[in-house]
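Chain A is the first sequence line, chain B the second, and so forth, proteins listed ahead of strands; every chain is numbered from 1.
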There are 2 protein chains.
Amino acid sequence: MTLDTSKVSIKTSLASCFGTNFQDLKGSQDFLEELASLAQEITVDENTYIFKEDEQSNFVYIPISGVIMLERSTARGSRHVFAFLFTGNLIGLSEFSFYTFSAKSLSNSTMVKINKSLIKNVFERHPQIAKRFHEYTNIVLNYILDQLFIMGQKTAHQRLALFLLDMAKRIGHGTQKFFLPMSRQDIADYLGMSLETTSRGFTSLKNKELISIESNYSITILDPKSLTEYTDN
Amino acid sequence: MTLDTSKVSIKTSLASCFGTNFQDLKGSQDFLEELASLAQEITVDENTYIFKEDEQSNFVYIPISGVIMLERSTARGSRHVFAFLFTGNLIGLSEFSFYTFSAKSLSNSTMVKINKSLIKNVFERHPQIAKRFHEYTNIVLNYILDQLFIMGQKTAHQRLALFLLDMAKRIGHGTQKFFLPMSRQDIADYLGMSLETTSRGFTSLKNKELISIESNYSITILDPKSLTEYTDN
DNA sequence: CGAGCCCTTGATGCATTTCAACGAATGTGG
DNA sequence: CCACATTCGTTGAAATGCATCAAGGGCTCG
């Protein structure tokens, strides 16, 4: 039950939840000390659930490395994927006492696991930290609104193109070749289309020479500018 | 520049932003006094903009009565409607110094207009109030996630049915007959479909005897249960 | 009464789903 | 190490949903 808060990877993840100058915030030392003694770093295998929908939400998680997929299953057996998370997103903090979605690891991942009561307590005592988190929530909200717009107004292939551009930015960090950590089905369930349409989308973008597909999961964006234009209608 | 905070309508709106037992919160009296002296109640005519995208976001607004539509226009001239608000939603509070969307009144409306700096200041001084607001933000976030799911997985006519059920709940407050305050085009832009598809959706639901259409804007949900089943696939 | 706006309806074509078959990659047991 | 099963992705053909183009109907307001 101890966490090495001096690790760069952990600092990076915290910074992306609470801002880059997080260390300067009033209360941040206190918070870090509590994390050091009461939080833990866990590792999660590929394809395993960190938690499932409707379970008691006693913990929140911050991914350090790996890929986490958030999903919800529907009455009729279909599934909605609503996010792929890489590093530094706080998962599972809400007012509900149970999770409203499942979190599944798509790769070997490491995460910081924190008692929900610890976080809530820190937020009570240190409004500055709470404020930072809520600014971050606002960014998430705006991101989802953009996604909502995309779902309503873009064609299936455009949505796929936008998805790949987003992944390139978040995974490739600038390089245009990256490893896709999720299956075609996962992408389909995220973009609200059938598996086949996703597959055809890949083929179509390849034929247009906008991307190249080295293997099923290794993608290169050949022409970011044209690909962006393609998403613009 | 004074606001009558004893009005029931204003209390109701505040309660829906900050919780029903808002008055018991630490700092709420202070907040109310500031509102009384520094906020104002404004009225807005039908079909006029309260603010537009990219304007300086100096004020936040809480609708008291009427209907507000939040929209964003796109590069290619199309439009995305992302919310219809009735009463008690805090509009326009974000970290950006300009609005990222426009707010348009669809009816004669009254709203409380508050200086953004006042609100931010209250939140700094009274973490309990800020916390309430952020709980409310979380509810909004969940609502949008549901909408995202609907956009991805439901057919056009199902989306319309879900929209009407939502409106009935929010406008009719239990009664099944209600006045739709927005045009077919507004609904289309909200649900990501064409005006014609929206219209056909109305006709189709009418023919299925799930709703009746007294006039273009007066709708009755004849069979809520079957209508709900219809949205379930 | 006519103009203008909003809504509805029809016809057509394109986008996407669905059903079905095939191919490629991966793992398992003989 | 190879045959086989299994999983995942691709491709084709048919059917469906939806957008688009086009025309007509009803309402409101001057």
Does atom CD of Glu214(B) have more than 12 heavy-atom neighbours, drawn from other residues, nucleotides or ligands, at distances under 6.0 Å?
yes

Among Val44(A), Ile50(A), Leu85(A), Leu93(A), find the residue that satisfies the side chain to side chain contact (heavy atoms under 4.5 Å, CB included) test when tested with Tyr61(A).
Ile50(A)

When we call it a touch if two heavy atoms are under 4.0 Å apart, what does Thr198(B) touch: a base, just sugar-phosphate, or nothing?
nothing

What residues from residues 159-167 of chain A pass a heavy-atom cutoff of under 4.0 Å to DNA chain C?
none

With sequence neighbours left out, the residues meeting side chain to side chain donor-acceptor pair (under 3.5 Å) with Tyr136(B) are Asn89(B)

Could you give the distance from CG (Leu3(B)) to CD1 (Ile10(B)), rounded to the nearest 0.5 Å?
4.0 Å

Under 4.0 Å, heavy atom to any atom of DNA chain D: which of residues 186-196 of chain A qualify?
Leu195(A), Glu196(A)

Could you tell me whether the side chain of Phe51(B) reaches within less than 4.5 Å of the side chain of Phe59(B), counting heavy atoms only?
no

Mark yes when over 12 heavy atoms from residues, nucleotides or ligands other than Lys154(A) sit less than 6.0 Å from its NZ; otherwise mark no.
yes

Verify, without hydrogens or angle tests, whether Lys116(B) (side chain) and Ser94(B) (backbone) share a donor-acceptor contact under 3.5 angstrom.
yes

Rounded to the nearest angstrom, tell me the gap between atom OH in Tyr217(A) and atom P in dA24(C).
16 Å

On DNA chain C, does the nearest nucleotide to Thr155(A) precede the nearest nucleotide to Arg184(B) from the 5' side, or the other way round? Give the residue.
Arg184(B)

Contacts of Arg170(A) meeting salt bridge (charged side-chain N to carboxylate O under 4.0 Å, His left out) (sequence neighbours excluded), chain-then-number -> Asp166(A)

From CZ of Phe202(B) across to C1' of dT8(C) the rounded distance in Å is 12 Å

Kindly indicate whether the side chain of Met69(B), heavy atoms from C-beta on, has any atom under 4.5 Å from the side chain of Asp186(B).
yes

Need two values: the first and the last nucleotide of DNA chain D, 5' to 3', having an atom under 4.0 Å from any heavy-atom of chain B.
dC18(D) to dC21(D)

Per-helix bend value, the helix from dC1(C)-dG30(D) to dG30(C)-dC1(D), C1' rotation axes over five pairs per end, 10° rounding, shows 30°

Pairwise distance NE2(His134(B)) to CZ(Phe133(A)) - rounded to 0.5 angstrom
10.0 Å

Contact class for Ser183(B) (heavy atom, under 4.0 Å): base, sugar-phosphate, or nothing?
sugar-phosphate

Treating Ser13(A) as the side-chain partner and Pro63(A) as the backbone partner, does any N or O pair qualify as donor plus acceptor under 3.5 Å?
yes

I'd like to know if Arg200(A) reaches the base of dT18(C) with its side chain such that a donor and an acceptor end up less than 3.5 angstrom apart.
yes

Roughly, in whole Å, what's the span from NZ in Lys154(B) to P in dT17(C)?
15 Å

Only one of Val112(B), Thr87(B), Leu90(B) clears side chain to side chain contact (heavy atoms under 4.5 Å, CB included) with Cys17(B); which?
Leu90(B)

Keeping the roles fixed (side chain from Ser109(A), backbone from Ser107(A)), state whether a donor-acceptor pair exists under 3.5 Å.
yes

Which part of the nucleic acid does Thr197(A) contact within heavy-atom distance under 4.0 Å: base, sugar-phosphate only, or nothing?
base

